[in-house]
Amino acid sequence: PNSELRGVSPRATEAIFEHIRNCADPTKNFLVRVSYLQIYNENIADLLRPERTGLSVREDKRHGLYVDGLSEWVARSTSEVRRLMARGQQMRATGSTRANELSSRSHAVVMVVVEQTEAAAP
């Protein structure tokens, strides 16, 4: 596809992994985790573990806002994130509308969490 037509998620993912590749500090370690959910008829479902439905948004002091029971998948490259998003996209609720034949009937949220840690000094 035309690189100019890519959306926000692919561009952000590329920027994240480009930053990691260009990090000159060998003591820094990165961990990238991806989650993908949909909200359909006020029901939250995990698009990467479709059997997990009826999830709830929670809040606590340590995690802030989070979706209880939502799976997280470690990604080591832009292409791994792309594959996860494609897999989740296949699970989205769709239906026909007067505007088009195959319209998404849900809201989708992809979450990418990047953790940076420093390796212990030798």
For this session: Find out whether Leu70 and Met111 are in side-chain contact, i.e. whether some heavy atom of one side chain is under 4.5 Å from a heavy atom of the other.
Result: yes
For this session: Could you tell me the separation between the CG atom of Leu65 and the CG atom of Asp60, rounded to the nearest 0.5 Å?
Result: 9.5 Å
Problem set entry | Arg76, CZ: over 12 other non-hydrogen atoms inside 6.0 angstrom | no
For this session: Please tell me if the side chains of Phe30 and Ile16 come closer than 4.5 Å, counting only heavy atoms from C-beta onward.
Result: no
Problem set entry | Nearest-0.5 Å distance that lies between atom CZ in Arg82 and atom CD in Glu14 | 6.5 Å
Problem set entry | Val57 reachable from Ile39 in the ILVMFWY side-chain graph, under 4.5 Å edges | yes
Exercise. How many angstroms lie between atom CE of Met85 and atom CG of Leu47, to the nearest 0.5 angstrom?
Worked result: 10.0 Å
Exercise. Is it the case that more than 12 heavy atoms not belonging to Glu42 sit under 6.0 Å from its CD atom?
Worked result: no
Problem set entry | Side-chain cluster (under 4.5 Å, hydrophobic types only) that Tyr66 belongs to, other residues | none
Exercise. Is any side-chain heavy atom of Leu37 less than 4.5 Å from a side-chain heavy atom of Leu55?
Worked result: no
For this session: Report whether Leu84 and Phe17 are members of the same hydrophobic cluster (ILVMFWY, side-chain heavy atoms less than 4.5 Å apart, transitive linking).
Result: yes
Seminar exercise, completed: What one should report as the nearest heavy-atom pair of Ser77 and Ser79 is OG-OG, 3.0 Å
For this session: Could you pull out the closest heavy-atom pair between Asn29 and Ala119, with the gap in Å?
Result: ND2-CB, 3.7 Å
Problem set entry | Closest heavy-atom pair and its distance - Glu80, Ala75 | OE1-CA, 3.4 Å
For this session: Could you tell me the separation between the CZ atom of Arg92 and the OH atom of Tyr40, rounded to the nearest 0.5 Å?
Result: 11.5 Å
Exercise. What is the minimum heavy-atom distance between Asp46 and Gly69, and which atoms define it?
Worked result: OD2-O, 4.1 Å
Problem set entry | Rounded distance [0.5 Å steps], OG in Ser71 versus CD in Glu51 | 8.5 Å
Exercise. Looking only at heavy atoms, which two atoms of Ser106 and Gln38 are closest? And how far apart?
Worked result: OG-OE1, 2.8 Å
Problem set entry | Arg83 NZ/CZ over Trp73 ring centroid, <6.0 Å and within 45° of normal | no
For this session: Please round to the nearest 0.5 Å and tell me the distance separating atom OG1 of Thr78 and atom CZ of Arg21.
Result: 6.0 Å
Exercise. Is any side-chain heavy atom of Val32 closer than 4.5 Å to a side-chain heavy atom of Ile20?
Worked result: yes
